[in-house]
Amino acid sequence: MTIKIGVIADDFTGSTDIGCFIAATGCQVVQFVGTPDESLNSSDADALIISLKTRSCPVQQAIDESIKACRWLKANGCQLIYFKYCSTFDSTAQGNIGPVTDALLKELDSHFTLICPSLPVNGRTVVQGHLFVNGQLLNESGMQNHPITPMKDANLIRLMDAQSSGKTGLLDLVTVQQGANAITEKITQLQQKGFRYAVVDAMTLEDLRQLKPLLKHFPLLTGGSAFGQIIAETSDHKISQISQQYPSAGGRGVILSGSCSVMTNNQVARYQQQAPTLALDIEQCMTNPQYAVELSQWVMQQSSTLAPMVYATQPPEQVRHMQEKYGIEQVSYAVEKTFAHLARLLSEQGFNRFILAGGETSSLIVQELGTNKLEIGGLIAPGVPWVRDLNQNNRWLALKSGNFGDQNFFQHAQELCHD
Ligand SMILES: Nc1ncnc2c1ncn2[C@@H]1O[C@H](COP(=O)(O)OP(=O)(O)O)[C@@H](O)[C@H]1O
Ligand SMILES: O=C(O)[C@@H](O)C(=O)COP(=O)(O)O
């Protein structure tokens, strides 16, 4: 059975993440920045992805934008809607994963769904409803210090119950590993007991594959990129070639890093030994409207082989200090806005390769660059492909999720560019 999948991603790194996992199954993927105004004339695509910046915005805005995306995807032929959120369940105390899931269930006239953030290839596993990152509980993995979505609890059932209007049950690992019949029986029991969602335990991709026979019965599924891949595997689409396209080394590149994750801190520290880097001055972001212009001049003056980097990436103590001084939302917005302005100025000066670290950060930058359609290219690291801007063929982007990639990520991304 062929299923056309419609994905609503709550940030842009997450969107290219799931894009490459779905594309790896041989699906044709088309990726949009925001919900398009027009319907598609025709599309051979097996999966349509809409990238939103709704992870930490006000709840009602996240709901409205997600419903708009859902209606567009349905109107453009998608039979199954997938709500993609972070494999570390990044959310504020108010949501937005729970409220958006509730709204999508209602919109699709459905009464039950699965909560499945597990992403084994990047070390995110779920056992007894608890989310682990490389074997550490989520709330001890460094994610407890995230600047805007600090994760202080690893229990997905508790997290989901706190931000949604239904009850959350568990599809435990023993049941998952017993296969489709046991899973169906468990889900039926949970539904009869009035649960609206089941957190799925999964240690490996094989665990997730046990769910395959059931998936076509769900109008809405939710979770991370690995589950997206499994859903794509259930569809009998025509297998298309997996893109190995990388940018050419011509033109100019820049790295803008706004993630403060543990891994990005390591990656930035490594890159400081390899290429020119400049730390963003947060005070300047808050007070100086000309700051992006000054930064662009520094970037343009650099003549190194590897791209220059501007980074806001800092360890938790530094981040907290600025947040206490100016307010969490105010600092985040000022940093994102400065990067977005800088990216636009550099694009106007002919920069055509942008390596961006951080989900919120890259979302605003991509919106500001005026990009509205992306094509998945070759992989840099699991969950991070190079992507080509379909409006400006010569512009390539790499959107790196906070904790993805190894220590050499920034250099490696550039080594993949060809002459
Ligand atoms: N030095 C800093 N102080 C305070 N906030 C910061 C700093 N650097 C970055 N930020 C903010 O932290 C947030 C990081 O989130 P995001 O870009 O999604 O990264 P990640 O992918 O690691 O989640 C952004 O809103 C960014 O503006
Ligand atoms: O699922 C994931 O881990 C990623 O796709 C993702 O959503 C990352 O978000 P950020 O760490 O905020 O970039």
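In what follows, residues are counted from 1 in the order of the sequence shown. Counting starts at 1 for both ligands and their atoms, in listed order.
- Listed for the D102 side chain is no donor-acceptor partner under 3.5 Å among the backbone atoms of S164.
- Ring to ring, Y246 and W396 are not that close: their centroids are 6.0 angstrom or more apart.
- Counted by atom type alone, K400 and Q267 present one or more donor-acceptor pairs between their side chains at under 3.5 Å.
- At the shortest separation from atom 24 (C) of ligand 1 among protein heavy atoms lies E336 OE2, 3.6 Å.
- Of the protein's non-hydrogen atoms, S401 OG, 3.1 Å is the one closest to atom 8 (C) of ligand 2.
- Atoms of ligand 1 lying under 4.0 Å from any heavy atom of I148, numbered from 1 in the order shown and given with element: 25 (O).
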- Message: Could you walk me through whether Y197 and F195 satisfy the ring pair (Phe, Tyr, Trp, His ring centres under 6.0 Å) test, starting with their C-alpha distance in whole Å, then the side-chain angles of each, then the deciding distance to 0.1 Å, before giving a yes or no?
- Response: CA-CA 6 Å; Y197 339 90; F195 288 95; 9.3 Å; no

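- Taking each of G358, S261, P147 in turn, the one with a heavy atom nearest to atom 13 (C) of ligand 1 proves to be P147.
- If you check which protein heavy atom lies closest to atom 6 (C) of ligand 1, you get C260 SG, 4.1 Å.
- Ligand 2 lies within reach of R124, whose nearest heavy atom is under 4.0 Å from it.
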- Item | CA sep, side-chain torsions, deciding dist, call: H237, T25, side chain to side chain contact (heavy atoms under 4.5 Å, CB included) | CA-CA 9 Å; H237 50 264; T25 69; 3.6 Å; yes

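- Among protein heavy atoms, atom 5 (N) of ligand 1 sits closest to V331 CG1, 3.6 Å.
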Anything under 3.5 Å between a donor and an acceptor, one on a side chain of residues 154-163, the other on a protein residue two or more places apart or in another chain? List them.
unit_1 : atom_1 : unit_2 : atom_2 : d
N155   : OD1    : I157   : N      : 2.9
N155   : OD1    : R158   : N      : 3.0
R158   : NE     : D153   : OD2    : 2.8
R158   : NH2    : D153   : OD1    : 2.9
R158   : NH2    : D153   : OD2    : 3.4
D161   : OD1    : T168   : N      : 3.0
D161   : OD1    : T168   : OG1    : 2.8
Q163   : OE1    : I97    : N      : 3.1
Q163   : OE1    : G98    : N      : 2.8
Q163   : NE2    : S91    : OG     : 3.3

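- Among protein heavy atoms, atom 11 (O) of ligand 2 sits closest to G402 N, 3.1 Å.
- Under a 4.0 angstrom heavy-atom cut-off, T13 registers as lying outside contact with ligand 1.
- In this structure, atom 7 (O) of ligand 2 lies nearest to the protein heavy atom R55 NH2, 2.7 Å.
- The option with the heavy atom closest to atom 4 (C) of ligand 2, from among D17, V133, D10, is D17.
- Nearest protein heavy-atom neighbour of atom 1 (O) of ligand 2: S87 N, 2.8 Å.
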Do any side-chain atoms of residues 354-366 form donor-acceptor pairs under 3.5 angstrom with protein atoms, and if so which ones, sequence neighbours left out?
unit_1 : atom_1 : unit_2 : atom_2 : d
E360   : OE1    : K53    : NZ     : 2.7
E360   : OE2    : S56    : OG     : 3.2
S362   : OG     : G358   : O      : 2.7
S362   : OG     : G359   : O      : 3.3
S363   : OG     : F12    : N      : 3.2
S363   : OG     : G359   : O      : 2.6

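- The heavy-atom pair separating L170 from G129 by the smallest distance is CD1-N, 3.5 Å.
- Closest to atom 13 (O) of ligand 2, if we only count protein heavy atoms, is T13 OG1, 2.7 Å.
- Of all protein heavy atoms, the one closest to atom 9 (C) of ligand 1 is G258 O, 3.1 Å.
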